[in-house]
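To start, the structure under review is shown below, and the notes come after it.
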Amino acid sequence: MKKNIMQLAFVLSIFLVLLLSMVRTVFFPKEINYYENRKAEMLAPVTLQSYLDGTLQDNMEKALADQAFLAQRIKKTYNSALSAYMHTASGELARANPDRYIKIGGHYLYGGDHLMNSKRAVETVQEKLSQRIEEHNRLFARHPEVDFYLYYVENDMDVHFETGERSGTYEYIAAKTALPQSHIDRFGIDSYEEFDRYFYKTDHHWNAEGSYRAYKEVVELLLPKDEAVLQPIEKVVVSTDFGGSKTMGKETANFKEPFEAYRFAFPQATVWGNNMPAPGYGNQEAFLDGTAALPLTYATFYGDDWGAVTFDTYRPEKENLLIISESYDNAILRLLAGHFNRTISIDLRNFNAYLGTDFSIEECIEQYDIDKVLLLGYVDYFIMDEFGLEK
Amino acid sequence: MVFSSLTFLYFFLPLTVLLYFVCKNRAYRNTVLLLASVLFYSWGEPKLVLLMFAATLVAYLGGLLIHRFAQQSKKKLKKAAFLVTVLLLVFNLFWFKYFNFFAQNIQLLLGTHFALASIALPIGISFYTFQILSYVIDLYWGKVGVQKNFFYLMLYLSFFPQLIAGPIVRYQTVEEEIQNRRESLEDVVVGLRRFIIGFAKKVLLANNIAKVAVIVYGGDAGIYGTAMYWLAALAYALQIYFDFSGYSDMAIGLGRMFGFHFLENFRYPYVATSITDFWRRWHISLSSWFRDYIYIPMGGNRVNKGRFILNILVVWAVTGFWHGAQWNFVLWGLYYGILLLLEKLLLGKLLEKLPRIIRWAYSMFFVLFGWVMFNLTDFSQMLAAFRQMFCHVPTDFISVVSADAEILHYVLYIPLGIVCMCPWLEKAKRPEGFWGNAVCNLACLALFAISMIYIFSSTYNPFIYFRF
């Protein structure tokens, strides 16, 4: 009798957990998967078509992966353990061989502790690149009244530091873009030391020094030589265990680095986020003062990838700037806004999602009396369909 | 649907078990199993479930005719019905699995270039075809009775535990149990434990050890020297064993939960001390199928030497070919045919005199070599692998780890796999007394929890750019 009860408990304990997870998935699903940084998959309505074409089966599997009891905690536990092991195991090798690319998950370790993406040769992206350049050239031809500028951000996708090979992407863009050479520039990376100095080790973005350098170069590109740049007040260590976008993989979750940032006295500006009044852009002051309630990321610190963000400084004697970019410009928008009457930054990936309509550069130029347009981004900006201006 | 999918674990299995045990009536319980099995198969192949239905119908009607003609003592008609039924079932397998292979090879020989139709391979067709053939052949031989209930025959063929990856269950094994089986708490517990063990073999061992072979065979050959190619061969051997035997364990365990007692399919093949011994331990249901339905009807070893050699080579070539429509599988089958002949005709007595460790090393050497042949379908890659294995090429381990540091993670599972491939814990699977069972249950719960951690980890899919 005792044994039967024990055996029954064994069977029921397993099936109850499985059944309860099923009930939760069907009847009480959660909406956000915070650990994986996205909307949680939920069960879609069952239809004959979805069953026959396999979408129901995929959907059910993904929904269970997000909704089952303790699913996210389980993933986090596993990823932490795996990353701790990989950090230790590969870290020793990386420190002993700093001049080698060591593949770890979807990235490489180089220089001992720097997570890298793989270089993309221009031949592999040439077709998409050519299409985008032609699109830009058509845009420039349609708007001779506006000054267009292009600022290409070189990063670890442009250089293989172990072999010294360069992608040649910037050179290709500069040669094919129908703009004067004085309107084209790059955030150049000519050595690993330069890359290590200006980019996060665990994130694909530029760090505080890198974004400040970019700000100065963009001002030099867009404005007269005598335009004074804003000087930082101080440099603050915001966190000592920051893990950026490159630590989202399970093998690299344990890689951390200090997050430093400059404090600036930004000029006053009214901010609009997605055409709605916004209290500000990003949370720099809160993080620098240690009062931020959000987890630290590049986006929460500098500002999110809103579809549209506008800074009005009410100085009609200054020009109006339109920036079409991605997340790299988030770190320099508040700095650039101080040099213009109105600064508008558009992220074409999210414009429609936030504003409910496709972005029209023609309408924007006319409506906001745009004087200058800056196209800013790294290689993905020039090849991904999401950044196309012609819909 | 596969046993290690979340849909199976969280939806299908609990609902099927619940519905099954809620029903008290045998007919209702069999109906639940049949519907569940059809759902299980159609989940991955919504349209091709009709093919399985058709195969069952052919076997059912053929079986009825064989039975009728046997009762009427019409031997020629009985044989004709049998041959037509077998031909239809074999043709079905041939069309979906082998037609394009033969067509491509004929084109190569003739130098023609006709476009070939894209024929999708239905999941499990090799298994369920052999299964239904065993019914038809055993019926013709009078070893089993005819199944007059189409749905029971469909249940036999489509029963989800063994449908897509075996073991190949003979009809005579389950003939009685389809209508007269007894479920018990003991069977459910033993079955669930067996399922969990198989699940852990697949998820913890097979899936992780596999990556070592994938990294080596898929990477730059210049990086991996002789040591790494042998490690990859060992990794593949462990992967295929834990994958296949794990799946068999899950199938046997699930069957047991519903009162069915399937025969064992693996008996620790990597402790074999000869190739003959290996094949008495590996995929037992397949080798015994070929023995009983091909080899013995061809005369077996009760023929002259020349015919015996031919029988062995034909059976093993077909055994290899059953595994896949590629020449490397045929080569693999013939390889074992030749080794078995050598043991039978020349080496048998010599091997018996050698110490066990030597016999084991001899067996493992040839088994590992065979798995390389089985794994690498491209002959140039296969030859390159053999060159690396036998012509010493030093390995730069720093380059190996630099090429993919994850190998540092996956190699950890190989020693665990080596331990688990031996029958150390065989007694622990049959605990005695209250505390023995309690410890076994706790161990299984822990194993299940760990396996679920690995399952969920493989679904990790973060979005990097978007923030809330």
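Quick caveat: nothing in here was measured; it's all calculated off a predicted structure. By convention in this document, chain letters (A, B, ...) are assigned in the order of the sequence lines, proteins followed by strands, and residues within each chain are numbered from 1.
Chain A forms the most heavy-atom pairs under 4.5 Å with one residue out of Leu442(B), Leu9(B), Ile455(B), and that residue is Leu9(B). Annotation: maximal heavy-atom pairing with chain A below 4.5 Å, among Gly433(B), Ala403(B), Ala405(B), occurs at Ala405(B). Annotation: maximal heavy-atom pairing with chain B below 4.5 Å, among Tyr85(A), Tyr78(A), Tyr108(A), Phe10(A), occurs at Phe10(A). For chain A, the option among Cys444(B), Ser42(B), Ala449(B) with the highest count of heavy-atom pairs below 4.5 Å is Ser42(B). Of the listed residues Gly249(A), Gly105(A), Gly54(A), the one with more heavy-atom pairs under 4.5 angstrom with chain B than any other is Gly105(A). Each of Glu61(A), Glu326(A), Lys75(A), Lys76(A) has some count of heavy-atom pairs under 4.5 Å with chain B, and the biggest count is that of Glu61(A). Most heavy-atom pairs under 4.5 Å with chain A: of the set Leu15(B), Ile196(B), Ile398(B), Val188(B), this distinction falls to Ile398(B).
More than 12 heavy atoms of other residues, nucleotides or ligands sit less than 6.0 Å from atom CZ of Arg95(A). Enclosure of atom CD in Glu386(A) by more than 12 non-hydrogen atoms of other residues, nucleotides or ligands within 6.0 angstrom is indicated. Applying the 6.0 Å contact sphere to CZ of Phe69(A) captures more than 12 heavy atoms from other residues, nucleotides or ligands.
The shortest distance between side-chain heavy atoms of Gln57(A) and Thr7(B) does not fall below 4.5 Å. Side-chain contact between Ser13(A) and Leu445(B): present, with at least one pair of heavy atoms (C-beta onward) separated by less than 4.5 Å. Two residues are said to be in side-chain contact when any heavy atoms from C-beta on lie closer than 4.5 Å; Gln67(A) and Tyr10(B) fail this criterion. Two residues are said to be in side-chain contact when any heavy atoms from C-beta on lie closer than 4.5 Å; Ile453(B) and Thr77(A) fail this criterion.
Distance check: Ser457(B) OG to Ile74(A) CD1 gives 9.5 Å after rounding to the nearest 0.5 Å. One finds the CG atom of Leu18(A) at 13.5 Å from the CZ atom of Phe12(B) (value rounded to the nearest 0.5 Å). Interatomic distance, Gln7(A) CD to Phe434(B) CZ, rounded to the nearest 0.5 Å: 9.0 Å. Rounding to the nearest 0.5 angstrom, the gap separating the CG atom in Asp404(B) from the CD1 atom in Ile102(A) is 11.5 Å.
Closest approach of Asn437(B) to Lys3(A), counting heavy atoms only: ND2-CE, 3.5 Å. Taking both residues in full, the closest heavy atoms of Leu192(B) and Ile14(A) are given as CD2-CD1, 3.9 Å, listed atom of the first, atom of the second, then distance. The shortest heavy-atom contact between Leu408(B) and Ser90(A) is CD1-N, 4.2 Å. The two residues Lys250(A) and Ser458(B) have their closest heavy-atom pair at NZ-CA, 3.8 Å. In terms of heavy-atom proximity, Glu36(A) sits nearest to Thr459(B) at OE1-O, 3.9 Å.
When heavy atoms are compared at a cutoff of 4.5 Å, Leu82(A) approaches chain B solely by way of its side chain, counted from C-beta outward. Of the two parts of Ala438(B), the backbone and the side chain both hold a non-hydrogen atom closer than 4.5 Å to a non-hydrogen atom of chain A. Contact annotation for Glu186(B): only side-chain heavy atoms (C-beta onward) come within less than 4.5 Å of a heavy atom of chain A. Within the 4.5 angstrom heavy-atom criterion, only side-chain atoms of Met257(B), from C-beta onward, approach chain A. With a 4.5 Å cut-off on non-hydrogen atoms, Leu412(B) touches chain A through its side chain but not through its backbone. In this structure, chain A has a heavy atom under 4.5 Å from the side chain of Phe448(B), while its backbone stays farther away. Both the backbone and the side chain of Leu13(B) come within less than 4.5 Å of a heavy atom in chain A. With a 4.5 angstrom heavy-atom cutoff, Asn4(A) touches chain B via backbone and side-chain atoms both. For Tyr51(A), the parts sitting under 4.5 Å from any heavy atom of chain B are the backbone and the side chain alike. Of the atoms belonging to Met86(A), it is side-chain heavy atoms, and not backbone ones, that fall under 4.5 Å from chain B.
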* Evaluation steps, side chain to side chain contact (heavy atoms under 4.5 Å, CB included), between Leu93(A) and Phe397(B) -> CA-CA 11 Å; Leu93(A) 181 71; Phe397(B) 288 101; over 6 Å; no
* Asked: When you look at Leu64(A) and Phe11(B), which way does the side chain to side chain contact (heavy atoms under 4.5 Å, CB included) test go after all the steps?
  -> CA-CA 9 Å; Leu64(A) 282 164; Phe11(B) 271 93; 3.6 Å; yes
* Please report the C-alpha distance between Leu18(B) and Phe15(A) in whole Å, then the side-chain angles of each, then the deciding distance to 0.1 Å, and finally whether the side chain to side chain contact (heavy atoms under 4.5 Å, CB included) criterion is met. => CA-CA 9 Å; Leu18(B) 183 67; Phe15(A) 280 104; over 6 Å; no
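Relative ring orientation between Tyr460(B) and Tyr35(A) is described as tilted, the plane-to-plane angle lying within the 30° to 60° band.
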